[in-house]
Every structure is written in C-alpha cells, then in structure tokens.
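Notes follow the structure.
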Amino acid sequence: MIDDDIVPHVSVKSVSVTGNQITVTTGTTNLNTVSEIISILQKDDRNGYVTVTTTSASDSDQSDLVNAEIVITYGSDTSDGGDQ
C-alpha cells in the first residue's frame, strides 16, 4: 500500500506500525500533493481510516512546503489475507 499509494508521489522518511495502524512520515512536499495522497489512501479498500497532520518544512526556504505524518488504520475486513 505504501509503495502503491504514497511512494509514487512523495518520498517516505519513516514508517512505524502499531496494532492496526501505520504511521508514515513523508519527505518535503506541498499541501496539494498531501491532499492527493490522502484521497488515494481513502479510496484504497485495504484502509479503514486515514488522518494526516502537517508541519512546516523547516529545512526549506519555500513557505508552501510541508512534511506530513499520515496515520492509516487498516480496514476491518482482513479475511482475504491480502498484502496489508
């Protein structure tokens, strides 16, 4: 899911898994890209719920750039044994 839904749009700095949640911290991007990624993740049947927080990219001179922390909660139907 990360390779399919996130990596084509932005680099991934870190990934952590806790229970049925994945937290992904992105590299520097813009809010339009974050919005696009969230939309893609919400349409992915493997996911039940997606939230995001953004912080200003302090390592950039451009004020419209952010780093995002995306929290993905797996969907409730994991009976297919899919690649989750």
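Here Ile70 contributes atom CD1 and Thr26 contributes atom OG1; the two are 6.0 Å apart, rounded to the nearest 0.5 Å. Distance check, rounded to the nearest 0.5 Å: CG of Asn47 to CG of Asp5 gives 6.5 Å. The distance from atom OG1 of Thr54 to atom CG of Leu31, rounded to the nearest 0.5 Å, is 5.5 Å.
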message: Pair Val24, Ile6 - check side chain to side chain contact (heavy atoms under 4.5 Å, CB included), show working.
response: CA-CA 9 Å; Val24 179; Ile6 300 174; 4.1 Å; yes
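A heavy-atom distance below 4.5 Å is not found between the side chains of Val52 and Glu69.
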Output side-chain donor-acceptor pairs under 3.5 Å for residues 14-22, partner residues at least two apart or in another chain, one line each.
| unit_1 | atom_1 | unit_2 | atom_2 | d |
| --- | --- | --- | --- | --- |
| Ser14 | OG | Thr25 | OG1 | 3.3 |
| Gln21 | NE2 | Thr73 | OG1 | 3.1 |

Donor-acceptor pairs under 3.5 Å, side chain of residues 33-43 to any protein atom, not counting sequence neighbours: which ones?
| unit_1 | atom_1 | unit_2 | atom_2 | d |
| --- | --- | --- | --- | --- |
| Thr33 | OG1 | Asn30 | OD1 | 3.1 |
| Glu36 | OE2 | His9 | ND1 | 3.4 |

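Following chains of ILVMFWY side-chain contacts shorter than 4.5 Å, one cannot reach Tyr49 starting from Tyr74, and the two form parts of different hydrophobic clusters.
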